[in-house]
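Note sheet for the following structure.
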Amino acid sequence: MTRTSHTVSFTLNGEKKTFDTRPDEKLLTLLRREGYRGTKYGCGQGTCGACTVLVDGKATYACLLYSMQAEGRKVRTIESAGTFDKPGEFQKELIAAGAVQCGYCIPGMVMSATALMESEKDFSDEIVKEYMDGNLCRCTGYEKIWVALRRVLDRREAATAKRPVAGKKTSSKGAKK
Amino acid sequence: MKLSEFIRPASLAEARKALRELGPKGMPLAGGTALHFMQSKTPVTAVDLTGLGLSFIRRKGGFFSIGAATPLSDIQRYRSPRWAMHEICRRISTHQIRNVSTIGGNICRVFPWADLPVVLLAMNARMVIYSGKESEMGADEFFSSQPARLFSGGNLLTAVKIPVLKAQHGFGSVKANRNAAAFSLVTIAALLELDGTTIKSARVAAGSAIPFPKRLPEVEAALVGREAVTDVFKKAAAAGGTAAKWNVREGMSADYMRQLAEVSLLDALERAAEFARGRVD
Ligand SMILES: Cc1cc2nc3c(=O)[nH]c(=O)nc-3n(C[C@H](O)[C@H](O)[C@H](O)COP(=O)(O)OP(=O)(O)OC[C@H]3O[C@@H](n4cnc5c(N)ncnc54)[C@H](O)[C@@H]3O)c2cc1C
Ligand code: FES
Ligand code: FES
């Protein structure tokens, strides 16, 4: 049996790291304490999605994960998705669409969209809603966030020529059901 | 819940030994999502179950066997002929929660809003419990009261066995909630066995709007031996409306909840009958 010391080691944005922690510290608290402040604290109870990170490629609420649960896993935060000078593809579209109001929800939205784009080939509205249903925007800017995301997804679909963009039925309505 | 230690046992036997030694100071941890909301006077040691090979879905004989630490998102995505578990898992909370929370965590300590106990009661699932060796317990006994009673001595749930539905079986589940990610107001699940157009057997269960998930024998009695038609389903649903004491919920009267339960019962029965007649999605 491994009785753990109070440290946790995991790959963070591609780099192997070891952190001091406490058994009941949340991954969200650890990340923010260590300077990864792009991951936001919203509700702290698994409702808003502001704290979304990827753990082994899966979107996860960092506020409901004990830091110890990240041992040996691959964790990715918004800091891996792009920078102010070099935003990622979805981030560029968010800016172009004027989708960012206060911006608090955006890191979580970007991480959920990253999980979607890396895991799926089918970007039907139903699948997109499934991946995005755990991210709330308190500024209620869903419409433009959805438009920005659809632009990226439509481009990807066109590139793989799985579903041609022309004539494809997608909804420009908000991402929430 | 405050954690004082976090241990990662290498085997089920080690996990059980640690939990037996720790007594009330130990707590199995699967996804850990519920632990954040549980209260305890003193900090506990979390015993992590996720490294024990308990995440799987296999079809074996007449059962689908789901490992206790299988995340809900894996159950939602699994497909096989006569498989019906995906429907309810898609309706539980959000993508991020489903990626982490597990079937075992959902049923070993039942919270009032839990959806899976309702479905497993209707499906007549069997729970596999490790107590040094594995044994099975049927859903009726497992959910006869809070299942946490079964795990206080360090025993662990290892798998849930779901009977593969036969051709004449149909299953339907309905979750009524205010928005896609919200807790359930009423959850209903129904398993019907048809003999031609007649209902040969029925298992119907409800949860959320009642204090603890349970079967509704009054509804089942109103179905068995009768035709699988809307009129019969309506009468059975009405029997369900009066059979249970439906809880008052935020802003909703008990009578409203009763009506919601009746409508949900009718929907679940119609869905189960469609499934038995060959609906595949
Ligand atoms: C925001 C939010 C919304 C939710 N909405 C819903 C909903 O709509 N419907 C619904 O059904 N659920 C809902 N849930 C509940 C969610 O599915 C639970 O948190 C989950 O079921 C617990 O799973 P877990 O794997 O995280 O369990 P854990 O938190 O790890 O454990 C829960 C309990 O089960 C025990 N346990 C776990 N595994 C075992 C085992 N193998 N053997 C013995 N004991 C074990 C633990 O000791 C603990 O007491 C929601 C949760 C959150 C946070
Ligand atoms: S802060 Fe984690 S879901 Fe809101
Ligand atoms: S932009 Fe403000 S919360 Fe979404």
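Because the structure is predicted, anything quoted here is derived from the model rather than measured. Chain letters run A, B, ... following the sequence lines, proteins first, then strands; residues in each count from 1. FYI, side chains are in, hydrogens and waters are out, and symmetry mates aren't considered; it's all heavy atoms of this structure.
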Looking at CZ of A:Arg22 and CD of B:Glu5, how far apart are the two atoms once the value is rounded to the nearest 0.5 Å? 13.0 Å

Show your reasoning for whether ring pair (Phe, Tyr, Trp, His ring centres under 6.0 Å) applies to B:Phe6 and A:His6. CA-CA 9 Å; B:Phe6 191 101; A:His6 295 177; 9.9 Å; no

A:Gln45, part contacting chain B, at a heavy-atom distance under 4.5 Å: both

Is a donor on one side and an acceptor on the other found under 3.5 Å between the side chain of A:Gln69 and the backbone of B:Gly31? yes

Once rounded to the nearest 0.5 Å, what's the spacing between atom CD of A:Glu71 and atom OG1 of B:Thr50? 11.0 Å

Does some side-chain heavy atom of A:Met132 sit less than 4.5 Å from a side-chain heavy atom of B:His95? no

Chi angles and distances behind the side-chain contact (heavy atoms from CB on, under 4.5 Å) call for B:Gln96, A:Lys58: CA-CA 8 Å; B:Gln96 290 93 325; A:Lys58 292 189 173 179; over 6 Å; no

Short side-chain to backbone donor-acceptor contact, A:Asp133 and B:Thr94, under 3.5 Å: no

Just one of B:Leu35, B:Val44, B:Leu3 clears the side-chain contact (heavy atoms from CB on, under 4.5 Å) bar with A:Asp24, so which one? B:Leu3

Checking heavy atoms, do the side chain of A:Thr52, its backbone, both or neither come under 4.5 Å from chain B? side chain

Do B:Ile97 and A:Leu64 touch side chain to side chain, with heavy atoms closer than 4.5 Å? yes

Indicate yes or no: does B:Arg91 engage A:Glu130 in a salt bridge with an N to O separation below 4.0 Å. no

Spacing of OG belonging to A:Ser119 relative to CZ belonging to B:Arg77, to within rounding of 0.5 Å: 7.5 Å

Shortest non-hydrogen pair, A:Pro23 vs B:Ser4, comes out as CG-O, 3.2 Å

Taking atom NZ as the centre, does A:Lys144 end up with more than 12 heavy-atom neighbours from other residues, nucleotides or ligands that are less than 6.0 angstrom away? no

Tell me if the CZ atom of A:Arg138 is crowded by more than 12 foreign heavy atoms within 6.0 Å. no

Find the distance between NE2 (B:His36) and CG (A:Leu65) and round it off to the nearest 0.5 Å. 6.5 Å

When you look at CZ of B:Phe37, are more than 12 heavy atoms from neighbouring residues, nucleotides or ligands closer to it than 6.0 Å? yes

Rounded distance [0.5 Å steps], OG1 in A:Thr60 versus CZ in B:Arg98: 12.5 Å

When you look at CZ of B:Arg79, are more than 12 heavy atoms from neighbouring residues, nucleotides or ligands closer to it than 6.0 Å? yes

Just verifying a value: how many Å separate A:Tyr61 OH and B:Ser101 OG, rounded to the nearest 0.5 Å? 10.5 Å

Pick one of side chain, backbone, both or neither for A:Ser112, based on which atoms fall under 4.5 Å of a heavy atom in chain B. side chain

